[in-house]
S.K.: 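Just dropping this structure here.
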Amino acid sequence: MIKKLPKIELHCHLDGSVRLDTIIDIAKKENIKLPSEDINELSSLVKVPSNCTSLVEYLKRFDLPNKIMQTKESLRRISFELLEDAQRENVKYLEIRFAPMLHLQRELTISEVIESVICGMKEAQEKYDIKSNLILGCMRTMSEEDAILVINEGKKFLNKGVVAVDLCGPELEGFSSNFKNAMDLARSYGYKVTIHAGEAASENNVLDAINLLGAKRIGHGVRIKDKKEVYKLVKEKNIVLEMCPTSNVQTKAIDAYENHPFYPFYKDDIKVTISTDNRTVSDIDLSSEIDTMFNKFDLKRDDYKKIYLNSVDATFADDKTKNWLRSLI
Ligand SMILES: O=c1[nH]cnc2c1ncn2[C@H]1C[C@H](O)[C@@H](CO)O1
Ligand SMILES: [Zn+2]
């Protein structure tokens with residue numbers, strides 16, 4: 001049932017959503033040595049195990065896919081295939097995020113990395129009934145200079161495939177102050193800002209992401225449940241939460257689906273949306289994720305419509321795309 005509904009996904013990492021057989025195929029073509037070429041063994045290396053204890057452990061699963069994402073052709077293909085997979089479950093709009101700095105291990109420049117991902121995205125948009133934009137991730141483990149490089153190189157693609165920037169990777173308390181100049185610069189160019197925050201560290205990071213970095217959307221943000229002041233700010237400013245419940249349960253940001261704040265936030269009119277975070281690493285798709293939340297919390301068709309429309313408003317897409325998305329439900 002859920003599979004047939006039109007869907008929007010705002011938070012999906014390219015490197016966490018690579019098909020396993022594509023990893024094997026690219027490795028063969030590019031002579032890259034994998035720890036195993038057996039799809040079942042590879043699956044156990046890329047998909048997060050049930051006994052994962054933290055975000056840091058979860059993030060180790062990205063090393064392998066990133067090994068085979070170092071050429072124009074592999075990036076084009078992986079971006080095309082992500083949209084191909086998404087349209088099969090009726091995703092109509094997908095914001096793909098990835099960190100260009102992770103794809104410079106061989107011969108590519110930042111600009112070529114972005115261009116290759118856009119190329120795959122365009123091809124899929126021509127072939128299928130799906131639209132997409134890119135969010136450029138800057139790793140919090142890297143320097144502010146690196147973030148500025150990505151922002152400067154990505155500028156020429158703004159509104160030609162690229163719409164926003166993000167900070168991702170392990171979350172330390174107070175990370176925002178290290179990236180204030182970079183995010184000021186990004187906003188001055190016209191990038192929208194979404195920030196992973198309040199996932200593996202406290203709600204204060206959400207406060208900073210909004211107040212210091214100008215985030216209009218927050219990746220996860222589950223920890224705002226812990227402090228009234230931050231919760232109130234998110235609510236009053238209509239900040240959108242890109243919620244990824246399965247990822248939160250896997251990284252132990254939340255101990256069980258039943259305790260995920262998605263439902264109480266929704267009931268209290270916080271702008272919640274549902275995404276996969278990482279299709280391959282988390283071993284889910286958007287339909288299964290929506291299905292899980294709807295079953296756990298007994299949500300109905302009207303609730304779906306409300307969350308879908310929240311997602312339309314929250315996209316970083318142009319008005320024409322937003323109107324099209326509204327017409328689908
Ligand atoms: O949920 C997440 N939190 C923080 N960082 C994440 C999450 N999922 C993926 N990442 C990281 C790992 C990827 O290599 C990077 C860029 O997509 O973003
Ligand atoms: Zn994420």
Side-chain angles (χ1 to χ4, degrees), residues 9-18 23 45-48 52-70 74-75 78-79 82 94-105 110 113-114 116-117 121 132-142 146-147 150 154 162 164-173 175-176 179 193-202 205-206 209 213 215 217-223 240-254 260 262 273-284 286 289 314:
E9 181 161 19
L10 302 178
H11 189 127
C12 180
H13 295 257
L14 185 65
D15 50 347
S17 306
V18 188
I23 298 182
L45 296 172
V46 179
K47 291 178 183 172
V48 69
C52 173
T53 57
S54 67
L55 175 62
V56 170
E57 200 182 322
Y58 180 93
L59 293 175
K60 291 194 180 124
R61 303 277 144 175
F62 292 78
D63 293 348
L64 215 158
N66 273 314
K67 269 196 182 161
I68 55 91
M69 297 175 74
Q70 303 298 332
S74 65
L75 289 167
I78 289 163
S79 133
L82 170 54
L94 175 58
E95 283 177 6
I96 304 175
R97 64 185 70 200
F98 72 107
M101 294 300 283
L102 297 180
H103 307 282
L104 309 179
Q105 288 171 24
I110 296 176
V113 168
I114 300 171
S116 308
V117 177
M121 199 172 85
S132 178
N133 276 307
L134 293 184
I135 299 173
L136 303 181
C138 306
M139 299 302 289
R140 289 184 285 222
T141 44
M142 294 184 183
D146 284 339
V150 170
V162 169
V165 278
D166 174 30
L167 291 172
C168 49
E171 183 181 0
L172 297 178
E173 289 297 343
F175 70 83
S176 290
F179 294 94
V193 178
T194 174
I195 304 283
H196 280 79
E199 176 190 17
S202 84
N205 281 347
V206 176
L213 306 181
R217 293 184 354 206
I218 295 291
H220 306 289
V222 291
R223 292 284 296 271
V240 174
L241 299 184
E242 304 156 359
M243 306 208 94
C244 312
T246 294
S247 165
N248 296 150
V249 171
Q250 291 167 335
T251 64
K252 306 293 180 287
I254 299 294
H260 198 281
F262 165 80
T273 61
I274 302 178
S275 293
T276 61
D277 208 10
N278 298 289
R279 286 157 177 261
T280 308
V281 172
S282 283
D283 198 16
I284 50 171
L286 188 58
E289 192 67 345

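All ligand and atom numbering here is 1-based and tracks the order in the structure. Keep in mind the model is a prediction, meaning the values are calculated, not measured.
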S.K.: Could you grab the protein N, O or S atoms closer than 2.8 Å to the Zn ion (ligand 2) for me?
M.R.: His11 NE2, His13 NE2, His196 NE2, Asp277 OD1
S.K.: Among all protein heavy atoms, pick the one closest to atom 3 (N) of ligand 1 and tell me residue, atom and distance.
M.R.: Glu199 OE1, 2.8 Å
S.K.: Any idea which atoms of ligand 1 are less than 4.0 Å away from a heavy-atom of Ala99?
M.R.: 16 (C)
S.K.: For Phe98, take its heavy atoms, then give the atoms of ligand 1 lying under 4.0 Å from any of them.
M.R.: 17 (O)
S.K.: Quick check: closest heavy atoms across Gln70 and Asn66, and the distance to 0.1 Å?
M.R.: NE2-O, 2.7 Å
S.K.: Measuring from atom SG of Cys244 to atom NE2 of His196, what distance do you get when rounded to the nearest 0.5 angstrom?
M.R.: 7.0 Å
S.K.: Checking contacts here: is it the side chain or the backbone of Thr251 that comes within 4.0 Å of ligand 1, counting heavy atoms only? Could be both or neither.
M.R.: neither
S.K.: Going from CG on Asp15 to OG on Ser17, what distance comes out if it is rounded to the nearest 0.5 angstrom?
M.R.: 8.0 Å
S.K.: When rounded to the nearest 0.5 angstrom, what is the spacing between CG in Leu82 and NE2 in His13?
M.R.: 11.5 Å
S.K.: In this structure, does ligand 1 have an atom that sits under 4.0 Å from one of the heavy atoms of Gly169?
M.R.: yes
S.K.: Please report the shortest heavy-atom distance between Ser54 and Cys52, naming the atom on each side.
M.R.: O-SG, 3.4 Å
S.K.: Going by distance only, is there an N or O of Asp15 that falls short of 3.5 Å from an N or O of ligand 1?
M.R.: yes
S.K.: What pair of heavy atoms forms the shortest contact from Leu55 to Ala200, and how long is it?
M.R.: CD2-CB, 3.8 Å
S.K.: In a check of side-chain hydrogen bond (donor to acceptor under 3.5 Å, both in side chains) between Asn205 and each of Glu199, Glu171, Arg223, which one passes?
M.R.: Glu171
S.K.: Could you tell me whether some N/O pair between Ser247 and ligand 1 is separated by less than 3.5 angstrom?
M.R.: no
S.K.: Only counting residues at least two apart or in another chain, list the ones meeting salt bridge (charged side-chain N to carboxylate O under 4.0 Å, His left out) with Glu95.
M.R.: Arg217
S.K.: Can you tell me how far apart SG (Cys168) and CG (Leu102) are? Round to the nearest 0.5 Å.
M.R.: 7.5 Å
S.K.: Atom 6 (C) of ligand 1: which protein heavy atom is closest, and how many Å away?
M.R.: Leu59 CD2, 3.5 Å
S.K.: Counting both backbone and side chain atoms, is some N or O of Asp277 under 3.5 Å from an N or O of ligand 1?
M.R.: yes
S.K.: To the nearest 0.5 Å, what is the distance between OG1 on Thr194 and CG on Leu241?
M.R.: 9.5 Å
S.K.: Which pair of non-hydrogen atoms, one from Val56 and one from Pro170, has the smallest distance, and what is that distance?
M.R.: CG2-CB, 4.3 Å
S.K.: Please state which part of Leu102 comes within less than 4.0 Å of ligand 1, counting heavy atoms only: side chain, backbone, both or neither.
M.R.: side chain
S.K.: Starting from atom 7 (C) of ligand 1, locate the nearest protein heavy atom and write down its residue, its atom name and how far away it is, to 0.1 Å.
M.R.: His13 NE2, 3.6 Å
S.K.: Would you kindly specify which portion of Leu14 sits under 4.0 Å from ligand 1, judged on non-hydrogen atoms: side chain, backbone, both or neither?
M.R.: neither
S.K.: Determine whether the side chain, the backbone, both or neither of His220 has a heavy atom under 4.0 Å from any heavy atom of ligand 1.
M.R.: side chain
S.K.: Between CG of Leu286 and NE2 of His11, what distance do you get to the nearest 0.5 Å?
M.R.: 12.5 Å
S.K.: For the 3.5 Å polar cut-off, considering only N or O atoms, please tell me whether Tyr58 and ligand 1 meet it.
M.R.: no
S.K.: Would you say the side chains of Glu289 and Thr276 form a donor-acceptor pair under 3.5 Å?
M.R.: no
